[in-house]
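Read the numbers this way: they start at 1 and go in the same order the structure lists the ligands and their atoms.
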Amino acid sequence: MPDLDLEYEASRTLRRIRPKILEQVEGADRLQNCSYAQHVETIDARLAEHWPRLFALLHRLYGKHYDFYYYLERILLTAVDCWLNRPEDLCQQDLRRENDPNWYLSERMVGGSLYVDLFSDDLNKLRDKIPYLNDLGLTYVHLMPLFKDRQGNSDGGYAISDYRNVHASLGTMEDLRALARDFRAVGISLVIDFVCNHTSDDHEWAIRAQEGDREYIDYYHVYPDRTIPDQYEQNLREIFPTIRRGNFTWQDGMQSWTWTTFNSFQWDLKYANPEVFRAMVEEMLFLANTGVEILRLDAVAFLWKQMGTTCENLPEAHLLIQAFNAVCRIAAPGLAFKSEAIVHPDQVVKYISTEECQISYNPTLMALLWEALATRQTKLLKQSVGHRQHLRPGTVWINYLRCHDDIGWSFDNDDAWAVGINPDDHRNFLNNFYTGSFEGSFATGVPFQHNTETGDMRVCGTMASLAGLEQALAAKDSQLIEMALRRIRMLYAVLSSIGGIPLIFLGEEWGMLNDYDYLTDKEKKDDSRWVHRPKMDWSLLKELKKKKSVRARIFREMQELFEQRKTRAAFTGSQMRLLETDNDHVISYLRWCDGAILVVIANFSDAPQTINMWRLRTEGLAHFFKDCLSERIISTHDTLDLEPYGLLWLMED
Ligand code: GLC
Ligand code: GLC
C-alpha cells in the first residue's frame, strides 16, 4: 500500500461522514435542553481534536480490511449516538473534567473495592452503606463485576453473559444508576470493570456462534482441529494451570476449539475483527452512560494474538486501548481508564499514558511491599521503586496490598540481581514464607496455581492473615498482635504516601482474616482466591465502641492515615525520590508538589532501627521537621531511633 497522507484522509473521511452525524444530532432527544448549534459545536470541537488520532489508530489496526471505511463510519456513528444518549448530569461532569483533566491525581483520592453481594447483599443496601464508605474516607469505589454472568462458576463475575444487565439478585440497571448518582453527590467516583478480553460462553454472541452463525463465529477464535492451536500453544503461558491445561477448549456442540486464556468458559474475543471492536465500543459507552467514572480494563495484556509470540502485551493491544481511549474523548470525556496488567514491570508501564490508561494497578510495588515485610530488608523495594515509581505527568498509580486476585512475584530479575538476590530462589522463599512452610513466618496464606512443571506458584490470603494477625490472634499473644498491627499500619502509611491512589479491598479496614469456607463449595474449592474474599462482617462495627479492640484500632488508624493524606498537597500525583538512610531495613522518600514537600520514613523490621538524619540536611531540607501523625518535632542534627515498624510523615517545621 503506498504511504497515505493520514491527516488528509482523516479529514476527508470525516467530511464524508459528517452529514450523517448532523442527522443524528438533529434527531436526538436531548435537543430540548440545548440548541442544535451548540451540539454541533461541541461534537465538531471534539472531533477536530480526537478524530485524527482515532482514525490513525483504526487505520493501523484495520486499514487492510477491504470494508475499512464501513467500520470507520459505524464506529464513529456509534460513538456519537452514545454521546447523544449520555445523561445531562454526566455531560456536565464531562465539561468539568475536560477543564480539570488531572482530577484523579488529587491527594484526596482514596479507593476501595468490593463485591456487592459479599459486602451488602445488593445495590440498594449498598446505597445505605454510603455513609460508612464516606466515613472511612473513600472517594473511589470499585464494584467487582456485577453483571449477568453464567450460572455456577463464573470466575467471580468475570464471565459476563450480558454487559447491559445487572445480575438479578443484586438489583437493576436503574439501581446502579441511582447508586452512581448518590456516590457522585458525596464525591465518590464509581469504578466498574470493562471485561474486554472475553465474554462468557453463554453471552448472546457466543450462543449465536455455537448455533453456527458465521458473523458471530468471527467474534471469537474458533478452530476446527488442533493444527493452529498447537502452533500457538508453543509460546503461550498458562494462567490457571491447576484448573485446566492449555489455552483452548473443545466445544462439543460446535465441534471446534475456542481460545480461552482463563477458564474454559471465558471465550477470548477476536479483536482482529473490526466488528468486535465496534460492538465493544457500544458496550463500553453503555457502561459509561450509567455513571461510571473510571473503567477498569480487565486483562489488557491478552487482547491481541499473533502466531509465534506469547500473545501478551503485543503492540496492537496498546493500539486497541488507545482507540478505546480516543472514542471516550469523543463520547464520554469525563471517563478515565485503569489498566489491569499484572505482568512484568517493564510491560506494566507501557499501558500508562494519558492517551491509553491514565491509571494503573501497581503490582510490582504490591509484591515488593510483601517481599520487604518478609525479609525485613528494603533493598529490593528501593532498587525497584527508585527507577520504576515515577510516571509521566497526567497519570497515576493505584497502590494496593491485596485485591480479589492472588499475589504473583512479578519483580524484575535484574533488579533482584542488582542487589545480590537470586530471583528464582527468592520467589521460592517468598512462596514458602507466605504459605506457611517457612519456619518462623508470621504469615498465613495458601498456594495458588502451583504449576508442578515450571515450579511457578502464586499466593492467596487476606491482608491481615498475610501480615500475621491470623496467627497472632490464634496464639492469643499480645506481643504478636502488636507486631501485626504495627505492620499493617506501616504498610498503609507507605501505600498512602509513596505516590498514587491507595486502594483497599473492603474488609481490610477490620483486618478480616482468611475464610476457608470456600473449600466446601464445589464451584469455588479449586480456586483458592476465594480464601481472601470473605463476606463482610458488619458486627465488627460494634468494636468501634470498645477502646482496646484490635479491629477498631486497624479501622481508626487507617481512617486517620486517609484523613491526613487528604490534607497534604505533597501527596498529589506520583512524584517521589528516594532518600538515603544508610539502613537496609528502612525506606525513606521525598514527596513534593508545587511548594509542598513531605518526607516519609518507614521501618520494615521488627527490631528498632537508627538512622542518620544529617542526610536530609544535605538534601537542602529543613533543620526541624514535624511528624504529621504524632506531632513530634524531629531535628535533622541527630540520629533518629525508629520503633519496630516505626513510621513517620515529616513536614518541614
Ligand atoms: C482479571 C481478574 C481476574 C479474572 C481474570 C479473567 O485478571 O482480575 O479475577 O480471573 O481477569 O477475567
Ligand atoms: C494472571 C493475569 C492477570 C490475572 C491473574 C488472575 O496473573 O496476568 O491478569 O488477574 O492471572 O490470577
*Counting each atom of ligand 1 from 1 as listed, which ones have a heavy atom of F240 under 4.0 Å away?*
10 (O)
_Closer than 4.0 Å to some heavy atom of R529 - which atoms of ligand 1 meet that?_
3 (C), 4 (C), 9 (O), 10 (O)
_Between ligand 1 and R296, can you find any atom pair, the residue atom being a heavy atom, that is separated by under 4.0 Å?_
yes
_If the cut-off is 4.0 Å to any non-hydrogen atom of D155, which atoms of ligand 1 fall inside it?_
4 (C), 5 (C), 6 (C), 10 (O), 12 (O)
*asked:* If the condition is salt bridge (Lys or Arg N to Asp or Glu O under 4.0 Å), which residues does D424 pass it with, not counting sequence neighbours?
replied: R427
*Neighbour count >12 (heavy atoms, 6.0 Å) for atom CZ, R392*: no
*Do S200 side-chain atoms and S161 backbone N/O form a donor-acceptor pair below 3.5 Å?*
no
*asked:* As an exercise, identify every atom of ligand 1 less than 4.0 angstrom from a heavy atom of H198.
replied: 6 (C), 12 (O)
*Those atoms of ligand 1 less than 4.0 Å from some heavy atom in Q266*: 6 (C), 12 (O)
*E470 side-chain N/O to S465 backbone N/O, donor-acceptor pair under 3.5 Å*: no
*Can you tell me if D405 has a non-hydrogen atom under 4.0 Å from ligand 1?*
yes
_Any residue meeting side-chain hydrogen bond (donor to acceptor under 3.5 Å, both in side chains) with T172, in chain and number order, not counting sequence neighbours_ = D175
*In terms of side-chain geometry, is the basic nitrogen of K148 or D162 positioned less than 4.0 Å from the acidic oxygen of its partner?*
no
